[in-house]
Structures are given as C-alpha cells and as structure tokens.
Amino acid sequence: MPGAGLVEGRTALVTGAARGIGLAIARILSEHGARVVLTDQDAALAAEAAEGLGGGAAVSSLGCDVTDEDAVTAAVGHAVERFGTLDIMVNNAGITRDATMRKMTLADFEAVVDVHLKGTWLGVRAAAEAMRPAGSGSIVNISSLSGKSGNFGQTNYSAAKAGIIGLTKAAAKELAPRGVRVNAVQPGLIRTAMTAAMPADVFAAKEADIPMRRAGEPHEVAGAVLFLACDLSSYMTGTVLEVGGGRLI
Ligand code: NDP
C-alpha cells in the first residue's frame, strides 16, 4: 500500500550494500518507503545493486571504503545533499580473514579490525554529526554472534564484532539525549557470499548445531534492522538483537 511503509520518506544509508545482508537491508528499507543510498567499496557494484532496486529518484549509490574517514564523511554528505536528511545509518560492511592464531598474520588482524571496528566507528560518528541537529535518527550496527561466543579461527573477527557492541552502547549513551538511537544486530549463520566461502562440511556442521536446523537468509536479518530503524523501536537504544535461529540459547 503506497504511503504505508515503516520508514516512509526517511533517508537511509547502508554500507557494504552491493550484495548479501547489506543489499537485503537496502531493499527492505526501500520497500518500506525510505530513500536509500547504497554504498560499497566498489562503486560500480553499488550502482548495479541500486539499479536492481529499481533505480529511480529514491535510490542512490556511491563508492565508499568504510576505513577511509574522508569517504565516510563524503557518503553521509551525499545522502544529506541528495535527500535533505540522514535518518537511518546501517553500518554493515564486513570482511573475514579466518585463520587460527598460529597462522593469522598481523595484517589479517588489522584488516578485519579496520573494516568492522574503525569502519563502524567512522560511520556512527559521521551519521551522528548529521542526525544531532535534527534531534532524531536511528543507527544500526551489524555485529555477529561470533562477537558474543567467540569463534574458532576468528580471533580478529570475534574481537571486532564484540567491539562493535561496546561501541554501540557507548554511542547510545552519548546520543540518547540528542534523540538519536544506536542499536546492534548479531546475525548467526546467514547464507551469503561470506559464508559460501566455508567448506561445505563445516557449513553443514554449523547448521546442525542451530536449534532451527538451518542457516538464515539475508532478508531475515534485514527484518530486524528495519524494526530497529523504524519507530516501532522508538524506546530502544543500546540494545543487541540476535538473529541466529536460536543458536546461542
Ligand atoms: P558479503 O561479503 O556478502 O558482503 C559484504 C559487503 O561489504 C561486500 O559487498 C564487500 O565488498 C563490502 N565491503 C567489504 N569491505 C568493505 C569496505 N572496507 N568498505 C565498504 N564495503 C566493504 O557479507 P555478508 O552480507 O555476509 O555480511 C554483511 C555483514 O554481516 C558483515 O558485517 C558481516 O560481518 C555480518 N555478518 C554476516 C554473517 C553471515 O553469516 N553471513 C553472520 C554475522 C554477521 P567486497 O566484495 O569488495 O569485499
């Protein structure tokens, strides 16, 4: 029904939106009436993804490496310039460089911490600058259950994803008086290119360990993000929603 979207007329920016969970988030926000800026480190892939959402005046795309301070500031500036406000910011971009600590290099550690933790911090900070004057806004950070339980072979990723939770809570305290909410989502095993890189037997063993006995789909994470982005969650800030099929209960 036109005009009945949960985020009708709001402006959203999603990082790492060219595919996977980020693209599903961009899609559901767009379906619910938001004007969406899709960013990814590959500008051409972000543009292709925006086209896939129907293009048009309410969708825009931009290349943005989330580890680049100027690029993140420019992406937020683009959203405000193009659509007038920034109401929703989703810090989603991510990478993995899995290895046990005996094999993990410092470069593997730093790359993952840079994209997830520094990238999210830069995104939260830039979005907050745009949202503070408006006195409203919702920031959603994508963490992972790996940041709660700690995954074998993911000392870098688990550390960064746990760090995102601390960052979310601290930022929520700073921004609550300004009307800006900051929350996080911790997905479990979700079917995307990131998890397609896992050996099939490892993926199957992980699925078998999930009470719901299946991996999740990107749109199932996107639903939780939409909830945190819209006014249905108007009294929630600093919270963490698990989307994991019951994995850690
Ligand atoms: P994908 O690898 O499918 O998509 C991630 C996107 O982020 C890619 O387009 C990637 O581009 C982009 N990206 C990577 N680095 C940067 C960067 N520096 N700046 C901007 N964009 C970048 O991953 P998912 O969709 O699976 O993951 C999305 C988020 O969800 C991540 O934060 C991930 O950690 C988290 N998550 C995923 C889970 C899963 O099971 N899939 C579980 C828990 C959390 P490129 O292709 O060029 O690398």
Side-chain angles (χ1 to χ4, degrees), residues 13-28 37-50 52 61-76 89-98 108 110-124 126 140-151 153-154 156-165 167-168 184-198 202-203 206-207 209-210 214-222 224-225 240-245 247-248:
L13 192 161
V14 184
T15 69
R19 66 176 195 212
I21 293 170
L23 177 56
I25 292 167
R27 178 176 293 119
I28 203 168
V37 180
L38 292 88
T39 71
D40 205 281
Q41 60 183 348
D42 185 325
L45 289 180
E48 223 173 272
S61 70
L62 198 68
C64 172
D65 176 343
V66 297
T67 66
D68 179 339
E69 182 177 11
D70 292 340
V72 174
T73 305
V76 168
M89 175 77 178
V90 184
N91 293 298
N92 163 81
I95 58 169
T96 49
R97 295 282 186 276
D98 295 357
D108 291 333
E110 287 179 340
V112 167
V113 169
D114 252 28
V115 173
H116 291 281
L117 201 45
K118 185 168 97 180
T120 301
W121 184 79
L122 287 172
V124 170
V140 184
N141 299 325
I142 307 302
S143 172
S144 166
L145 285 183
S146 178
K148 185 178 181 186
S149 64
N151 276 355
Q154 290 195 321
N156 50 0
Y157 186 79
S158 296
K161 289 305 202 183
I164 286 175
I165 299 306
L167 158 59
T168 298
V185 174
Q186 288 189 313
L189 182 68
I190 309 298
R191 218 175 272 284
T192 67
M194 186 179 272
T195 47
M198 276 183 197
V202 174
F203 191 89
K206 280 187 181 288
E207 263 192 320
D209 210 30
I210 297 168
R214 66 171 178 87
E217 299 297 332
H219 71 87
E220 295 179 291
V221 178
V225 173
V240 184
L241 288 188
E242 294 181 20
V243 184
R247 191 167 126 206
L248 294 183

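Order of appearance sets the numbers: ligands from 1, and atoms from 1 within every ligand.
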> Given Val66 and Asn91, is the side chain to side chain contact (heavy atoms under 4.5 Å, CB included) satisfied, shown in steps?
CA-CA 9 Å; Val66 297; Asn91 293 298; over 6 Å; no
> Looking at every heavy atom in both Thr39 and Cys64, which two are closest together, and how far apart are they?
CB-CB, 3.8 Å
> Kindly identify the option in Thr39, Asp68, Thr192, Val243 whose heavy atom sits closest to atom 41 (N) of ligand 1.
Thr192
> State if Gly188 counts as touching ligand 1 under the rule of any non-hydrogen atom under 4.0 Å.
yes
> Heavy atom under 4.0 Å from ligand 1: found in Ile21's side chain, backbone, both, or neither?
both
> Determine, considering heavy atoms only, which of Gly16, Ala93, Gly123, Gly94 sits nearest to atom 14 (C) of ligand 1.
Gly94
> Should you measure from each heavy atom of Ser143, which atoms of ligand 1 turn up under 4.0 Å away?
44 (C)
> May I ask whether Cys64 places a heavy atom under 4.0 Å from ligand 1?
yes
> Heavy atom of His116 under 4.0 Å from ligand 1?
yes
> When you check the side-chain N and O atoms of Gln186 and Ser144, is any donor under 3.5 Å from an acceptor?
no
> Would you please test Glu220 and Arg214 for salt bridge (charged side-chain N to carboxylate O under 4.0 Å, His left out) and show each step?
CA-CA 12 Å; Glu220 295 179 291; Arg214 66 171 178 87; 2.8 Å; yes
> Is there a side-chain contact between Thr192 and Arg19, using heavy atoms and a 4.5 Å cut-off?
no
> Ile164 vs Trp121, test: side chain to side chain contact (heavy atoms under 4.5 Å, CB included). Steps then yes/no.
CA-CA 8 Å; Ile164 286 175; Trp121 184 79; over 6 Å; no
> Note the single closest protein heavy atom to atom 33 (C) of ligand 1, along with its residue, its atom name and the distance in Å.
Tyr157 OH, 3.4 Å
> Looking only at protein heavy atoms, identify the closest one to atom 9 (O) of ligand 1 and say how far it is in Å.
Asp40 OD2, 2.7 Å
> Could you measure the distance from the CD1 atom of Ile210 to the CG atom of Leu145? Nearest 0.5 Å is fine.
9.0 Å
> Does Arg247 form a salt bridge (charged side-chain N to carboxylate O under 4.0 Å, His left out) with Glu242? I'd like the steps, not just the answer.
CA-CA 9 Å; Arg247 191 167 126 206; Glu242 294 181 20; over 6 Å; no
> In the protein, what heavy atom is nearest to atom 19 (N) of ligand 1, and what distance, to one decimal place, separates them?
Val66 N, 3.0 Å
> Among Ile142, Asn92, Thr67, which one has a heavy atom closest to atom 31 (C) of ligand 1?
Asn92
> Which residue owns the protein heavy atom closest to atom 4 (O) of ligand 1, what's the atom, and how far is it?
Arg19 NE, 3.5 Å
> Could you go through the side chain to side chain contact (heavy atoms under 4.5 Å, CB included) check for Ile28 and Val225 one step at a time?
CA-CA 9 Å; Ile28 203 168; Val225 173; over 6 Å; no
> Provide the number and element of each atom of ligand 1 under 4.0 Å from a heavy atom of Leu189.
40 (O)
> Would you say the side chain of Val14 lies within less than 4.5 Å of the side chain of Val37, judging by non-hydrogen atoms?
no
> Show the atoms of ligand 1 that are less than 4.0 angstrom away from any heavy atom in Ile95.
14 (C), 15 (N)
> What protein heavy atom is closest to atom 40 (O) of ligand 1, reported as residue, atom name and distance in Å?
Ile190 N, 2.8 Å
> What atoms of ligand 1 come closer than 4.0 angstrom to any heavy atom of Asp65?
17 (C), 18 (N), 19 (N)
> Show the atoms of ligand 1 that are less than 4.0 angstrom away from any heavy atom in Thr195.
39 (C), 40 (O), 41 (N)
> Looking only at non-hydrogen atoms, find the nearest pair between Gly150 and Ser158 and report the distance.
CA-OG, 3.6 Å
> My understanding is that we take every heavy atom of each candidate and find the minimum distance to atom 16 (C) of ligand 1. Doing that for Arg191, Lys118, Gln41, Lys161, which one comes out nearest?
Gln41
